[in-house]
Amino acid sequence: MNMKATPSSSPPKLHENIREEARRHVKSHNFSAKYVPFNAPPDSVESYSLDEIVYRSRCGGLLDVQHDMEALKQFDGNYWKSLFDSRVGKTTWPYGSGVWSKKEWVLPEIDSDDIVSAFEGNSNLFWAERFGKQFLGMSDLWVKHCGISHTGSFKDLGMTVLVSQVNRLRKMKRPVVGVGCASTGDTSAALSAYCASAGIPSIVFLPADKISMAQLVQPIANGAFVLSIDTDFDGCMQLIREVTAELPIYLANSLNSLRLEGQKTAAIEILQQFDWEVPDWVIVPGGNLGNIYAFYKGFKMCYELGLVNKMPRLVCAQAANANPLYLHYKSGWNDFKPVKANTTFASAIQIGDPVSIDRAVFALQNCDGIVEEATEEELMDAMAQADSTGMFICPHTGVALTALFKLRNQGVIGPNDRTVVVSTAHGLKFTQSKIDYHSKNIPDMSCKFANPPVEVKADFGAVMDVLKGYLNKAPKV
Ligand SMILES: Cc1ncc(COP(=O)(O)O)c(C=O)c1O
Ligand SMILES: N[C@@H](CCOP(=O)(O)O)C(=O)O
């Protein structure tokens, strides 16, 4: 079945921009989406328009964006695959974005004119050939680099959706004076950039001295109102929830289910990049736990709408210093207890009371998922090993790689299993941790893969001596 394009009413104009051009190509369809209580029983009738400002269900539970699957099912899997494939690598507004190239599955009803996008997504999925072979005996290991993005993390995928909806609400004269979040550094970077691009005020609550310098400077540079608060992320999250309940500030954390609609497109992209073949495993580092559910939802929609015929198994990887999901999993999913998150080099996942715990449990239970954890030494060693094969990953990706090491060693993941590790942020945001590691400047850590620079006099003989020493020890080809 073909989607009908309404013929353009006006002829192309000289010097029109891509937004203006998009206005002439409006497509008619009957796709829609609404908020419903997360994991509601089939007879539940509670629902809200996406134009309402609501983050919680009537009984205080999480919400989910529910698409009209019957309308989407009027088109078969091949239709969706070729539609999505046809939009990759173009500059057509808004489909040049990896998120908005799946607009019908994200926010079908938003006017393209209201979209705020930096053409995020379409991040590279690369074959980790040497790392896989050398350290894991694996032939089919891949890294989905969501950190190669506008603000350097996967948060851009969700933020383009949320800020676009806010843009729409403000045009509808809804009372939204600004957008706010609590953050460990990446959500705040994405929020401030997208808000700045749309001219919308942003307010960010950061735990003082707990995020990297590179992350701190991002919202400052983008003109956000930055509060550095003497607490941890969980404390900031509690405060922003109280503040957004009192003031007309729209909540941008992943408690807001709109964010996950954008983040789920990374899963769809993985399938698309494998020419719609399903990998065996996808490993995702988890903190506030929205992303693991977003991946589940993206894969599940592709399965339900006939683009693929199975689901991958998901692994959520946590830092041992902030591991409430891991403890819950190990208890047989009995009795979830938040923890006090301790300091970790994977600072963006230093979270003890994740808002999306129910979503994460649902996702993992429904795809035969696994939860693993990584100690500080394990995650830093894994990061250094990956970097030594040409990557430059963030510590959170080190957490995911540690999970992979453990599952390979246990024989759970096989040598030929197609496995995707999701790299969630750019390594350049976390250089201080790499400097500490390579200078062996971390108490109680042997830093066994450290590669410190050699200090040498500006003298030919001295330089030759150290070079000969190095070459004698270097592996022979
Ligand atoms: C770099 C990075 N990796 C992983 C995560 C974990 O994502 P989530 O909070 O959705 O579990 C976050 C944020 O929490 C992050 O900023
Ligand atoms: N790592 C996150 C923590 C908040 O997560 P969110 O997805 O709920 O916004 C950050 O960078 O702030």
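Because only heavy atoms are used, hydrogens play no part in the values below, and waters and symmetry mates are left out as well, while side chains stay in. Note that ligands are numbered from 1 as they come in the structure, with each ligand's atoms numbered from 1 the same way.
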message: Hydrogens and angles aside, do Ser446 and Glu377 bring a side-chain donor and acceptor to less than 3.5 Å of each other?
response: yes
Donor on one side chain, acceptor on other, Glu261 and His67, under 3.5 Å: yes
salt_bridge([X], [Y]) N-O dist < 4.0 Å:
X      : Y      : answer
Asp64  : Lys297 : yes
Asp436 : Lys434 : no
Lys171 : Asp113 : no
Lys330 : Glu373 : no

Based purely on interatomic distance, does [X] place a nitrogen or oxygen under 3.5 Å from a nitrogen or oxygen of ligand 1?
X      : value
Ile292 : no
Thr424 : yes
Gly286 : no
Asn288 : yes
Cys394 : no
Gln263 : no

Using a strict cut-off of 4.0 Å, indicate which atoms of ligand 1 neighbour a heavy atom of [X].
X      : result
Ala425 : 1 (C)
Ile349 : 4 (C), 5 (C), 6 (C), 12 (C)
Gly287 : 6 (C), 8 (P), 9 (O), 11 (O)
Pro285 : 4 (C), 6 (C)
Asp186 : 1 (C), 2 (C), 15 (C), 16 (O)
Gly290 : 8 (P), 10 (O), 11 (O)

message: For Phe205 together with Phe225, are the ring centres under 6.0 Å from each other?
response: no
Value rounded to 0.5 Å, distance of CG in Leu162 from CD in Gln263: 10.0 Å
message: Heavy-atom distances under 4.0 Å decide this one: backbone, side chain, both or neither, for Asn291 against ligand 1?
response: both
Any idea how [X] and [Y] line up, ring-wise: parallel (<30°), tilted (30 to 60°), or perpendicular (>60°)?
X      : Y      : result
Trp276 : Phe84  : tilted
His145 : Phe126 : tilted
Phe274 : Trp142 : perpendicular

With Phe119, the ring-ring contact (aromatic ring centres under 6.0 Å, His included) member among Trp93, Tyr95, Trp100: Trp93
So which heavy atom in the protein is nearest [atom], and how far is it from that ligand atom?
atom                    : result
atom 7 (O) of ligand 1  : Phe154 CZ, 3.5 Å
atom 8 (P) of ligand 1  : Leu289 N, 3.4 Å
atom 13 (C) of ligand 1 : Lys155 NZ, 3.0 Å

- line: Tightest non-hydrogen contact, residues Cys146 and Ala266, listed as SG-CB, 4.3 Å
Pairs involving residues 194-210, ordered by first then second residue, that meet side chain to side chain donor-acceptor pair (under 3.5 Å) (sequence neighbours left out): Glu120-Tyr194
- request: Write down, by chain and number, every protein residue that brings a non-hydrogen atom to less than 4.0 Å from an atom of ligand 2.
  value: Lys155, Ser183, Thr184, Gly185, Asp186, Thr187, Phe233, Asn253, Ser254, Arg259, Asn288, Ala348, Ile351
